[in-house]
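Taking it in order: structure first as structure tokens, then the write-up.
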Amino acid sequence: MTGKRTWTLIGADGRPYESTLPGTLGGHRRTKIYGRLDCPGAARAIARGGYVSHRVFFADEATAIAAGYRPCAVCMRDAYRAWKGGDGG
Ligand SMILES: [Zn+2]
């Protein structure tokens, strides 16, 4: 083992780069939605197939937003509401 494993993440500019740390959030390149790695919605989509080839990963939420992705309404409800411009009412 060399410990040189890297992960391909999406940067704030929307372009992929090699990271020495795995991403903490997943995303879908075509729908431009990001969410938790254990998102039930994403898991269902992956199980159906056709999702994995568009799956991307982010180091953190700020990076995902900067890259133009929006929060998943299923697993990121608070972030999704904030993104929609709601004031929590
Ligand atoms: Zn989700």
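Just follow the structure's listing: the first ligand is 1, and inside any ligand the first atom is 1.
Shown here are the side-chain hydrogen bond (donor to acceptor under 3.5 Å, both in side chains) partners of S19, two or more places apart in sequence or in another chain: there are none. By the salt bridge (charged side-chain N to carboxylate O under 4.0 Å, His left out) test, R36 is found to be paired with D38, residues two or more places apart in sequence or in another chain being considered.
For G26 against L37, the heavy-atom pair with the smallest separation is N-CD2, 3.4 Å. Taking every heavy atom of both residues into account, R55 and A42 meet most closely at NH1-CB, 4.2 Å.
Residue R5 holds its CZ atom at 11.5 Å from OG1 of T20, rounded to the nearest 0.5 Å.
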Please tabulate, one pair per line, all N/O donor-acceptor pairs under 3.5 Å involving side-chain atoms of residues 61-72, not counting sequence neighbours.
residue, atom, partner, partner atom, Å
E61, OE2, Y34, OH, 2.9
T63, OG1, D60, OD1, 2.7

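Around the Zn ion (ligand 1), the protein atoms of type N, O or S that sit closer than 2.8 Å are C39 SG, C72 SG, C75 SG.
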